[in-house]
Amino acid sequence: MAATTDVHVRVCEQEIIKYDLEIKAIIQDVAECNGPQSTLTELNYKVKEKFSFLRQRIQDLEQMGKEQDRDSDRHSMLKQVEGHRKQMLSNQTAWRKANLASKMSIDSLEKEELLHGGDTSLRQRKMTKESMAQTSSDITESLMSISRMMSQQVNQSEETITTLATSSRTVLETNEEFKAMTGTIQLGRKLITKYNRRELTDKLLIFLAIALFLATVLYILKKRLFPFL
């Protein structure tokens with residue numbers, strides 16, 4: 001059990017040393033930061049995060065020190081904890097000084113840009129306005145092109161609808177003509193049938209008339225030629 005505790009203590013001490021070195025390195029970056037402000041903000045966020053991890057590991061080491069069975073081990077670990085806390089406070093003081101130096105450097109550069117970079121800023125604003133004007137012109141031209149294309153599509157759609165309407169009327173008219181032709185054909189068929197029937201009746205009547213005529217002639221001839229029969 002004691003061996004396991006020693007391992008945890010050594011791991012905790014190694015992590016405390018690691019966080020302490022990382023904090024010192026980031027504080028150096030803060031001191032040398034000349035901007036922009038977003039970079040300084042990001043560095044400060046990293047320092048705060050490392051301080052939080054360091055503070056937690058120091059508390060863990062303190063708790064493990066209080067749990068030591070031997071008084072000598074307990075006093076030794078708590079003394080180490082006190083030393084780590086003092087080092088953390090020293091790092092916090094260095095951090096504040098580094099922030100102050102960085103902010104002074106950023107402010108100085110911004111003032112210099114305002115004094116010597118007025119013309120450049122003016123040209124940049126002018127170029128920005130010209131770029132925005134060109135972009136607006138391009139967008140307007142694109143919208144007008146789209147509008148023309150839509151107008152052409154509408155005209156084509158109207159022509160298509162007109163063509164379809166004309167075709168529909170033509171189909172309807174053709175259908176009506178077919179109906180009229182069908183009626184005429186049916187009427188013609190009836191007339192032909194009626195004519196054919198009448199022609200047959202006339203033929204029968206002619207045939208009967210001829211037969212009657214022949215019979216009459218034969219009768220007359222018979223009476224004259226053979227009066228005694």
Run the numbers on E42 and T39 for side chain to side chain contact (heavy atoms under 4.5 Å, CB included), then give the verdict.
-> CA-CA 5 Å; E42 184 177 356; T39 301; 5.6 Å; no

So, the side chain of Q68 versus the backbone of M64: is there a donor-acceptor pair under 3.5 Å, distance only?
-> yes

Is any side-chain heavy atom of L40 closer than 4.5 Å to a side-chain heavy atom of N99?
-> yes

In Å and rounded to the nearest 0.5 Å, what is the CD to CG distance from E112 to D107?
-> 13.0 Å

Check whether the side chains of Q63 and Q59 place a donor and an acceptor atom closer than 3.5 Å, and report yes or no.
-> no

Is there a side-chain contact between K24 and Q87, using heavy atoms and a 4.5 Å cut-off?
-> yes

Are the side chains of C33 and L43 in touch, meaning some heavy atoms are under 4.5 Å apart?
-> yes

Residues E67 and R74 bridged, charged N to O under 4.0 Å | no

Below 4.5 Å, heavy atoms only, C-beta onward: do M104 and S108 meet side chain to side chain?
-> no

Straight-line distance of T93 OG1 to M88 CE, nearest 0.5 Å = 11.0 Å

Please assess E62 against R85 for the test side chain to side chain contact (heavy atoms under 4.5 Å, CB included), listing each intermediate value before the final yes or no.
-> CA-CA 10 Å; E62 183 181 23; R85 284 204 171 115; 2.6 Å; yes

Residue list, side chain to side chain contact (heavy atoms under 4.5 Å, CB included) with I210, at least two apart or on another chain = I206, L214

Rounded to the nearest 0.5 angstrom, the NE2-CD1 distance for H84 and I16 is 4.5 Å

Non-hydrogen atoms of S102 and V30 that approach each other most closely | CB-O, 3.1 Å

Determine whether more than 12 heavy atoms belonging to other residues, nucleotides or ligands lie under 6.0 Å from atom NZ of K18.
-> yes

Can you check whether N44 reaches W95 side chain to side chain, under 4.5 Å on heavy atoms?
-> yes

One should read off an interatomic distance between S105 OG and L100 CG, to the nearest 0.5 angstrom, of 11.5 Å

CZ of F51 to CD of Q56: how many Å apart, nearest 0.5 Å?
-> 15.5 Å

What is the distance from atom CG of N91 to atom NZ of K50, rounded to the nearest 0.5 Å?
-> 13.5 Å

Where do K46 and E22 land on the salt bridge (Lys or Arg N to Asp or Glu O under 4.0 Å) test, with the steps shown first?
-> CA-CA 10 Å; K46 291 180 180 179; E22 290 177 347; over 6 Å; no

For Y45, all residues meeting ring-ring contact (aromatic ring centres under 6.0 Å, His included), sequence neighbours excluded | none

Side-chain heavy atoms under 4.5 angstrom apart, residues restricted to Ile, Leu, Val, Met, Phe, Trp, Tyr: same cluster for V9 and L78?
-> no

